[in-house]
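Remember, predicted model here, so these are calculated numbers, not experimental data.
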Amino acid sequence: MKNKKITRKITQGVYLLTTEGGGCIVDAVSQISAGENPLLAVAVMKKNYTNELLHANEKFVLSVLSEDVDGNILETFGLHSMRDVDKFERVEMTEVEGIKTVDDALGYMVCERVDMIENETHTLFIGRLIEADVLKEGEPMSYAYYQENKDDLIKVKTAEGQTAWVCSVCGYVYYGEELPADFTCPICGVGSDMFSKK
C-alpha cells in the first residue's frame, strides 16, 4: 500500500459516542436512511471497551463536536479507557434518555440500536434516531481538521526523563526505549509505523 493516509480525506466528522457505562471519540458516522426517525450507523473498534458496552446496551448518543471543543473532551474520551478511568467525572455532562451526553457539543442524536454488523476490526452499530437537539451554532469538526490540529487540540503529556512513543492518530503514549515492531495502538489499532519518538 503506497499511502493509506488518503483515507483521512474521506469527508467525515468527529463525534463523542456515549452509552450506559462509557463512551469514546468516533469519526465513522453516517446517516443511512431518511424520514422522521432516520437510521444512523457508527463503526467502533472491537478492541475498544465502548464496543463491548454497545453490545450490551440498546441506546447510544452521538454528540457533534465543534472545531473549538474543549480539548479535555478529546483527551479524556480519545486517549483513555473506561476500564481505567471514569471519563464521566472529568467532563460536564447532562443525561438525555438515560444516557450521559457532553454539554460542550453542537447537539446530540439519541439512537435506539436496531442492528449490528461485524467485520475484522470494527462493529457497525445501526441505530434509529429517537431524540435529537441543536444546542448551539458552530463549525462541526471534521476528521481532516482534527488530524491537522490535533497537537493543539490535545496536549499530550509525557513523563519527564522517559522515552515516549506517541501515536500520530489518537495520541496514545507508549513508554520504552524501543517500540516493538508488531505493536498496535490499544486505543485506535494502528501499527508501530504510526508512532513517533518523543
Side-chain angles (χ1 to χ4, degrees), residues 10-83 85-119 121-146 153-154 170 187-188:
I10 296 172
T11 304
Q12 54 197 48
V14 177
Y15 308 85
L16 174 58
L17 169 65
T18 49
T19 189
E20 186 178 342
C24 64
I25 300 295
V26 295
D27 56 69
V29 174
S30 297
Q31 180 176 331
I32 58 173
S33 78
E36 182 66 22
N37 299 98
L39 294 176
L40 304 178
V42 55
V44 181
M45 183 173 288
K46 289 184 176 182
K47 293 178 182 178
N48 197 310
Y49 181 55
T50 304
N51 185 297
E52 183 180 323
L53 294 173
L54 287 167
H55 275 86
N57 297 325
E58 294 185 358
K59 290 181 184 176
F60 60 87
V61 175
L62 290 162
S63 295
V64 181
L65 302 181
S66 67
E67 290 183 353
D68 61 356
V69 70
D70 182 352
N72 179 51
I73 294 169
L74 295 170
E75 193 270 338
T76 297
F77 284 90
L79 305 185
H80 300 281
S81 172
M82 202 75 166
R83 292 185 182 101
V85 173
D86 186 347
K87 301 177 186 182
F88 293 154
E89 286 187 350
R90 295 182 171 199
V91 175
E92 290 185 20
M93 308 198 82
T94 301
E95 200 166 287
V96 179
E97 294 284 327
I99 303 172
K100 292 185 183 295
T101 62
V102 67
D103 291 349
D104 185 15
L106 298 180
Y108 61 82
M109 298 167 281
V110 183
C111 295
E112 194 168 59
R113 180 170 50 80
V114 297
D115 202 358
M116 297 181 288
I117 301 170
E118 305 290 343
N119 67 34
T121 59
H122 289 65
T123 305
L124 186 66
F125 295 94
I126 299 173
R128 188 174 304 283
L129 187 66
I130 59 171
E131 180 59 85
D133 199 6
V134 175
L135 302 177
K136 63 179 181 179
E137 294 301 320
E139 192 64 33
M141 183 184 297
S142 69
Y143 183 64
Y145 180 91
Y146 168 77
L153 292 166
I154 302 176
C170 72
I187 301 295
C188 70

Main-chain N/O of [Y] paired with [X] side-chain donor or acceptor, under 3.5 Å:
| X | Y | value |
| --- | --- | --- |
| Asn72 | Arg90 | yes |
| Asn37 | Leu129 | yes |
| Lys59 | Val110 | no |
| Glu75 | Phe77 | no |
| Arg113 | Asn57 | yes |

Do you know which two heavy atoms are closest between [X] and [Y], and how far apart they sit?
| X | Y | result |
| --- | --- | --- |
| Ser81 | Tyr49 | OG-CB, 3.9 Å |
| Leu153 | Glu67 | CD2-O, 4.0 Å |
| Met141 | Val69 | CE-CG1, 3.6 Å |
| Val64 | Met109 | CG2-CE, 3.8 Å |
| Phe88 | Thr19 | CZ-O, 4.0 Å |
| Leu135 | Ala105 | CB-O, 3.6 Å |

Roughly how far, to the nearest 0.5 Å, is [atom2] of [Y] from [atom1] of [X]?
| X | Y | atom1 | atom2 | answer |
| --- | --- | --- | --- | --- |
| Met116 | His55 | CE | NE2 | 4.5 Å |
| Ile126 | Glu112 | CD1 | CD | 14.0 Å |
| Thr50 | Met45 | OG1 | CE | 11.5 Å |
| Thr76 | Glu89 | OG1 | CD | 11.5 Å |
| Leu74 | Tyr146 | CG | OH | 6.5 Å |
| Tyr15 | Leu65 | OH | CG | 9.0 Å |

### Query
Val91 and side chain to side chain contact (heavy atoms under 4.5 Å, CB included): which partner among Asp70, Leu16, Ile73?
Ile73
Sequence neighbours left out, what passes salt bridge (charged side-chain N to carboxylate O under 4.0 Å, His left out) with [X]? Give chain and number order.
| X | value |
| --- | --- |
| Lys100 | none |
| Glu36 | none |
| Lys46 | Glu118 |

Quick one: list whatever passes side-chain hydrogen bond (donor to acceptor under 3.5 Å, both in side chains) with [X], sequence neighbours left out.
| X | value |
| --- | --- |
| Ser63 | none |
| Asp115 | none |
| Asp103 | Thr94 |

#### Entry: Residues Glu52 and Arg83 bridged, charged N to O under 4.0 Å
yes
### Message
Can you confirm whether more than 12 heavy atoms, excluding those of Glu20, are under 6.0 Å from its CD atom?
### Response
no
### Message
Take a 6.0 Å sphere around CD of Glu92 and say whether it holds more than 12 heavy atoms from other residues, nucleotides or ligands.
### Response
no
### Query
Can you tell if the side chain of Glu137 reaches within under 4.5 Å of the side chain of Leu106, non-hydrogen atoms only?
no
### Query
Step by step, would you call Val44 with Thr123 a side chain to side chain contact (heavy atoms under 4.5 Å, CB included)?
CA-CA 5 Å; Val44 181; Thr123 305; 5.6 Å; no
### Task
I would like to know whether Tyr108 and Thr18 meet side chain to side chain contact (heavy atoms under 4.5 Å, CB included); could you show each step before the answer?
CA-CA 10 Å; Tyr108 61 82; Thr18 49; over 6 Å; no
